[in-house]
2 protein chains.
Amino acid sequence: MELSSSLEDYLEAIYNVIKVKTAARATDIAKKLNVANSSVTNALQILVKRGLVNHAPYDIITLTPEGRKTAKQIAWKHEVFRDFFITVLAIDSDTANKCACSIEHIIPDEVVERFIQYLDFERQCEYGGKRWVEGSGFKRNAGINENGQCEVCKEKQGKDARS
Amino acid sequence: MELSSSLEDYLEAIYNVIKVKTAARATDIAKKLNVANSSVTNALQILVKRGLVNHAPYDIITLTPEGRKTAKQIAWKHEVFRDFFITVLAIDSDTANKCACSIEHIIPDEVVERFIQYLDFERQCEYGGKRWVEGSGFKRNAGINENGQCEVCKEKQGKDARS
DNA sequence: ACAGTAAATTAGACCAGGCTAAAGATATTA
DNA sequence: TAATATCTTTAGCCTGGTCTAATTTACTGT
């Protein structure tokens with residue numbers, strides 16, 4: 001059965017806490033997601049019912065194999081989008097994170113794959129590197145001159161001027 | 001005050017119906033959004049209260065200037081994302097639309113601007129043109145050889161082989 | 001070992017946003 | 001113009017997700 005965006009957030013938060021602390025408590029999750037403790041309890045009960053989380057009342061929180069798999073998937077999407085926003089769109093880290101966090105629940109896997117392939121492509125092709133130039137938009141890194149123009153833009157302008 | 005994703009969807013749907021029909025009826029919106037008629041009535045009452053829609057019971061539906069402005073903004077975001085998914089990621093039109101429709105409510109304006117700038121950049125720079133090659137990912141259009149490799153990939157492979 | 005504190009849970013409420021069924025208003029057409 | 005069909009609205013219900021306040025459990029230090 002499908003998880004709601006909200007439940008995915010809880011699962012991901014648990015995953016991230018466990019990565020550094022080995023044992024997660026409800027308060028950690030609550031702080032991370034900025035919700036009341038009781039909301040966490042509520043979500044936990046659902047996630048336990050769905051077989052994604054191990055948790056007896058007042059006990060610590062761990063993930064089932066199934067839960068870990070699902071959480072990994074979500075965290076992976078998050079990373080892809082974060083990467084995209086930062087390295088391609090030059091968005092600041094904080095905004096990038098927030099955007100990633102909201103769209104990760106929505107964009108289907110095939111499309112996430114395309115983002116990955118696109119990122120790979122940009123990294124492999126040496127003309128793919130680009131940077132954000134304030135007030136003038138994106139420019140290729142390769143051969144940027146003092147006016148913030150790449151080889152291609154420069155050549156084009158030359159051609160345009162001659163014709 | 002902020003509009004929820006749901007209300008934005010309604011507003012956008014009204015905007016799109018009005019663009020082709022001049023007068024919108026509740027049923028049009030219901031069909032477009034795949035919801036019950038009563039849900040539309042409900043949403044309309046809220047949108048009227050917020051000063052975005054003109055609508056008396058049993059009357060036709062139009063947008064206030066404020067509503068039109070907001071709707072345009074939403075529709076504009078939709079177009080940007082749709083464009084990005086189709087021309088950059090080579091996603092099929094249907095999926096592109098669905099993705100655009102869900103993230104358009106979530107991504108802040110500054111980030112949408114970056115998407116636009118990025119699209120412009122890719123279109124202006126002649127090395128920016130790229131195409132999707134089945135089974136091998138994105139390749140530059142410029143100088144693609146019979147193996148689907150662009151000039152850059154080819155040179156790199158040559159260099160790698162020689163070293 | 002136990003009192004005090006911190007954390008977790010329960011209970012109960014609220015809101016948004018959807019639905020169905022029934023009633024009310026409007027259009028169509030014989 | 002009366003009957004019928006089609007919209008629209010209302011009323012009432014449900015679910016998911018949040019909250020606060022009160023209670024229960026567990027931990028910690030002396």
Side-chain angles (χ1 to χ4, degrees), chain A residues 1-14 17-18 20-63 67 70-71 74 98 101-106, chain B residues 1-14 17-18 21-63 70-71 74 98 101-106:
Chain A
M1 196 183 163
E2 280 280 291
L3 284 177
S4 65
S5 295
S6 167
L7 289 177
E8 285 196 2
D9 275 335
Y10 283 107
L11 198 63
E12 190 185 12
I14 294 167
V17 169
I18 285 176
V20 282
K21 290 191 58 182
T22 67
R25 291 170 314 155
T27 312
D28 300 324
I29 316 298
K31 271 184 196 138
K32 204 155 220 186
L33 297 182
N34 216 2
V35 296
N37 279 355
S38 58
S39 303
V40 176
T41 304
N42 193 40
L44 284 175
Q45 291 170 348
I46 298 167
L47 291 171
V48 167
K49 257 186 219 146
R50 301 226 187 156
L52 301 169
V53 163
N54 302 119
H55 173 63
Y58 299 99
D59 205 357
I60 58 163
I61 303 159
T62 57
L63 293 170
T70 307
I74 299 163
K98 277 183 203 149
C101 203
S102 44
I103 73 175
E104 73 196 16
H105 311 297
I106 289 176
Chain B
M1 195 184 165
E2 280 280 289
L3 283 177
S4 66
S5 295
S6 167
L7 288 176
E8 285 196 1
D9 275 335
Y10 283 107
L11 198 62
E12 190 186 11
I14 294 168
V17 169
I18 285 178
K21 290 191 56 182
T22 70
R25 290 170 315 155
T27 313
D28 300 325
I29 316 299
K31 270 183 196 139
K32 204 154 219 184
L33 296 181
N34 216 0
V35 295
N37 280 354
S38 58
S39 303
V40 176
T41 303
N42 193 42
L44 284 175
Q45 292 170 347
I46 298 168
L47 292 172
V48 167
K49 257 186 218 146
R50 301 226 187 156
L52 301 170
V53 163
N54 302 118
H55 173 61
Y58 298 100
D59 204 357
I60 59 164
I61 302 159
T62 58
L63 292 170
T70 307
I74 299 163
K98 277 182 201 148
C101 204
S102 45
I103 73 175
E104 72 196 15
H105 311 297
I106 288 176

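Note on naming: letters A, B, ... go to the chains in the order of the sequence lines (proteins, then strands), and numbering restarts at 1 for each one. The structure displayed is predicted, hence computed values, not measured ones.
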Practice prompt. Write down the distance between CG (B:D28) and P (D:dT8), rounded to a whole number of angstrom.
Written response: 8 Å
Worksheet item: Between C:dG17 atom C1' and B:H105 atom NE2, what is the distance in whole Å?
Response: 14 Å
Worksheet item: A:D59 CG to C:dA7 C1': how many Å, rounded?
Response: 13 Å
Fill in: Along DNA chain C (nearest heavy atom to each residue), the more 5'-positioned of B:S38 and B:I46
B:I46
Fill in: D:dT18 base / A:S6 side chain donor-acceptor hit below 3.5 Å
no
Item to complete: Measure from NZ on B:K49 to P on C:dG17 and round the result to the nearest Å.
Response: 13 Å
Discussion item. Using only modelled atom types and a 3.5 angstrom limit, is any donor from either the side chain of A:Y58 or the base of C:dT9 paired with an acceptor on the other?
Written reply: no
Item to complete: Round to the nearest Å and state the distance from B:L3 atom CG to C:dG17 atom P.
Response: 10 Å
Item to complete: Among C:dC19, C:dT9, D:dT10, find the nucleotide with the atom closest to the side chain of A:T41.
Response: C:dT9
Discussion item. Between P on C:dA8 and NE2 on A:H55, what's the gap in Å once rounded to a whole number?
Written reply: 8 Å
Worksheet item: Given side chains that start at C-beta, do those of B:L44 and B:I29 come closer than 4.5 Å, heavy atoms only?
Response: no
Worksheet item: At what distance, to the nearest 0.5 angstrom, does NZ of B:K31 lie from CZ of B:R25?
Response: 6.5 Å
Discussion item. Within the 4.0 Å heavy-atom criterion, would you say B:A36 contacts the bases, only the backbone, or no part of the nucleic acid?
Written reply: base
Worksheet item: Counting only distance, no hydrogens or angles, is the base of D:dT8 paired donor-acceptor with the side chain of B:T27 under 3.5 Å?
Response: no
Practice prompt. Give the rounded distance in Å between these two atoms: CG of A:L44 and P of D:dG16.
Written response: 17 Å
Worksheet item: CD1 of A:I60 versus C1' of D:dC27: gap in Å, rounded?
Response: 15 Å
Worksheet item: Is A:I46 close to A:K49 at the side-chain level, that is, under 4.5 Å between some pair of heavy atoms?
Response: no
Worksheet item: Hey, are the side chains of B:L7 and B:L11 touching, using non-hydrogen atoms and a 4.5 Å cut-off?
Response: no
Worksheet item: Between C:dG18 and B:S39, is there an OP1 or OP2 to side-chain N/O distance shorter than 4.0 Å?
Response: no
Response to the item:
When A:S4 and A:N37 are each assigned the nearest nucleotide of DNA chain D, the 5'-most assignment goes to A:S4
Item to complete: Taking only the side-chain nitrogens and oxygens of A:Q45, find out if one of them lies under 4.0 Å from OP1 or OP2 of C:dT9.
Response: no
Worksheet entry | Beyond-backbone contact of A:L47 with A:I14, side-chain heavy atoms, under 4.5 angstrom | yes
